[in-house]
There are 2 protein chains.
Amino acid sequence: MAAKTDDSGPVLPAAIESAWGLRERPPKGPRPGMSVPAIVDAAVRVADADGLAAVSMSRVAKELGAATMALYRYVGSKDELLMLMVDTGYGPSPGPPAPEDDWRAGLTRWAWAEHEVLRQRSWLLHVPISGPPITPQQLGWMEDGLRCLDGTTLGEGEKMSVLLLITGYVRNEATLTSQIAEGSRAAGVEPSEMMPAYGRLVARLIDPARFPALHRVLNAGVLYQDDDPDDEFVFGLDRILDGVEALIRRRAG
Amino acid sequence: MAAKTDDSGPVLPAAIESAWGLRERPPKGPRPGMSVPAIVDAAVRVADADGLAAVSMSRVAKELGAATMALYRYVGSKDELLMLMVDTGYGPSPGPPAPEDDWRAGLTRWAWAEHEVLRQRSWLLHVPISGPPITPQQLGWMEDGLRCLDGTTLGEGEKMSVLLLITGYVRNEATLTSQIAEGSRAAGVEPSEMMPAYGRLVARLIDPARFPALHRVLNAGVLYQDDDPDDEFVFGLDRILDGVEALIRRRAG
DNA sequence: TAGTTCTGCGTATGGTCTACGCATAACAGC
DNA sequence: GCTGTTATGCGTAGACCATACGCAGAACTA
């Protein structure tokens, strides 16, 4: 119906376009000595080893034996590099759900896959995400999530909302867990001692008259025990999936 | 039972201790020309006006007509200042739930209160939170949330998990919303045009054979319409609360 | 009045990202 | 083969940033 208006969209950063396989190299000029994937891999290596804070342009360049400014021939800015790091950091999506899985089993597997990635690469949580997903792998994750809901009665918009809900939960849970780990490393405390220490600290600070409910939680010893983070994770995930199940039943019934 | 081991906890930053009203000023030396609250207020003012990225020690000092290094007599580091900014940025908690509210109404109000704060001060989302809450106001929010669940059959640990679940959801939703707003400002696009532009972009990038489910979502026009962010918010919140309700019924029955 | 202790803050160090420009390498066309 | 064009590699330099350190002087105690 409409005329071609394909250039109307927001301008995609150059490196992202080449991640989608668009944009070929012009035949002139000296052959490039590096490649965008090599740079991104090096940056991911640095982040894996020393955290996201260690990822500076000069550090990445050193990793490659190149000069700092050489990188700017390949990526437009550090933010662009970060975007690409997220793409390869997540890696390929877990794949579509198994045929015998219902939506709940599929989404559970989907959530665990992201959980696992974030457990292993907690620096992904520190990357300031600056917009909706546009890189190939990220949309791949989305696709796989959507397929889990294929057989359900939900509307397309509702499917999207459910995925947003779950991925947000996974990220949030991973953030809390990694904060405890990082905090314990910074304070030189055993990770298993972190929550108990926090409980004692809060107990020292609060006035039971002003914070009765919190005081009750402390008395129950909730904060003192170092419970399995995985239990915490499945608790929240099951709550959310229960909520989704209620919606699906309502739509179906 | 146990002997006094109150010094065993992790060392609290000096400025946080004085936020709790501990630690009094030594009587010697010249009278301080500033105060921690004044510094934090100035920093919050800068963040409100120009975003968190604009908050540098020199900028805050300029705001106060003071020298940069003068601030370090009051806060130990920039991270400490950020921690205090979060405390006053959130402001006082919404207060305990009204007596006539059931848990669901109470938590809904609680979630909306945080939602509102984050809508108004989106820079709070950019502060790298570095541990569990320890400032007075933050524990105040926690207290109010816990009180909403007072009459329920949930265990103390479960109450805590539910609050974590909700606050995580609120933060996540606010993050997405503010990203759209910031992205549209950066790209010079009308905020209402942001999602449609994103939809067109994704449509241009993906191969329908490789991304069938995503393609179906696009065809349904889900991404093109600029729907009310509040609708999206209540959708997810209702899903979560449905899940909590299912748990409460199970515990009760 | 002397001593102590704390404040304000100037200076300096080492880190960040990146704009700009130059020398050079590789190709296209004649 | 020569020349013009275009891309690359990268050195220099600028504009920021947090903050360690040390000194002058103010305000209190004795």
Side-chain angles (χ1 to χ4, degrees), chain A residues 13-15 17-18 23-40 42-43 46-47 49-85 123 126-128 130 186, chain B residues 13-15 17-18 23-40 42-43 46-47 49-85 123 126-128 130 186:
Chain A
E17 279 211 329
S18 59
R23 191 191 295 270
E24 69 279 12
R25 192 179 98 74
K28 290 219 184 168
R31 208 156 287 113
M34 296 184 273
S35 70
V36 175
I39 292 174
V40 176
V46 171
D50 297 335
L52 190 69
V55 177
S56 70
M57 296 307 267
S58 62
R59 172 72 188 274
V60 173
K62 195 171 296 174
E63 192 79 7
L64 290 164
T68 305
M69 292 310 292
L71 303 186
Y72 282 94
R73 289 283 175 199
Y74 299 87
V75 293
S77 67
K78 187 183 180 181
D79 284 344
E80 208 175 296
L81 175 58
L82 289 176
M83 217 185 273
L84 295 168
M85 285 177 68
W123 55 264
H126 297 326
V127 179
S130 52
Chain B
E17 280 212 329
S18 60
R23 189 191 296 267
E24 71 278 15
R25 192 179 98 75
K28 289 218 182 167
R31 208 158 286 114
M34 297 184 271
S35 70
V36 175
I39 292 174
V40 176
V46 170
D50 297 337
L52 190 68
V55 177
S56 69
M57 296 306 268
S58 61
R59 172 72 188 275
V60 173
K62 196 172 293 174
E63 192 80 9
L64 290 162
T68 304
M69 291 311 290
L71 303 186
Y72 282 94
R73 289 283 174 200
Y74 299 87
V75 292
S77 68
K78 187 182 180 180
D79 283 343
E80 209 175 295
L81 174 58
L82 289 176
M83 216 185 275
L84 295 168
M85 285 176 68
W123 54 266
H126 296 326
V127 179
S130 52

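Any value given below was found using the heavy atoms of this structure, including those in side chains, with hydrogens, waters and symmetry copies removed.
In this structure, the CG atom of B/D79 is 12 Å from the C1' atom of D/dT19, given to the nearest Å. The nearest whole Å value for the distance from the CD atom in B/E80 to the P atom in D/dT19 is 10 Å. Separating the OH atom of A/Y72 from the P atom of D/dG11 is a distance of 15 Å, rounded to the nearest angstrom. Look at CZ on A/R59: it is 18 Å from P on C/dT18, rounded to the nearest Å. Between the CD1 atom of A/I39 and the P atom of D/dG9 there is a distance of 9 Å, rounded to whole Å. Distance A/L82 CG to C/dT16 C1': 13 Å, rounded to the nearest Å. Per the geometry, CG belonging to A/D50 stands 16 Å off C1' belonging to C/dG15, to the nearest Å. Rounding to whole angstrom units, CE of residue B/M57 and P of D/dA18 are separated by 7 Å.
Under the 4.5 Å side-chain criterion, counting only non-hydrogen atoms from C-beta, B/V55 is not in contact with B/D50. With a 4.5 Å cut-off on side-chain heavy atoms, A/L52 and A/M85 count as touching. Side-chain contact between A/K78 and A/L71 is absent, with no heavy-atom pair separated by less than 4.5 Å.
Closest heavy-atom contact between A/M57 and A/Y72: CG-OH, 3.4 Å. Contact detail for A/A38 and A/L64: the closest heavy-atom pair is O-CD2, 4.0 Å.
The distance from atom CD1 of B/I39 to atom CG of B/L84, rounded to the nearest 0.5 Å, is 9.5 Å.
Comparing A/A54 and A/G76 by the nucleotide of DNA chain C that holds the closest heavy atom to each, the one mapping nearer the 5' end is A/A54.
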Q. What does nucleotides 5-12 of chain C look like as a protein-contact string, B for base, S for sugar-phosphate only, - for none, at under 4.0 angstrom between heavy atoms?
A. BBBBBBB-
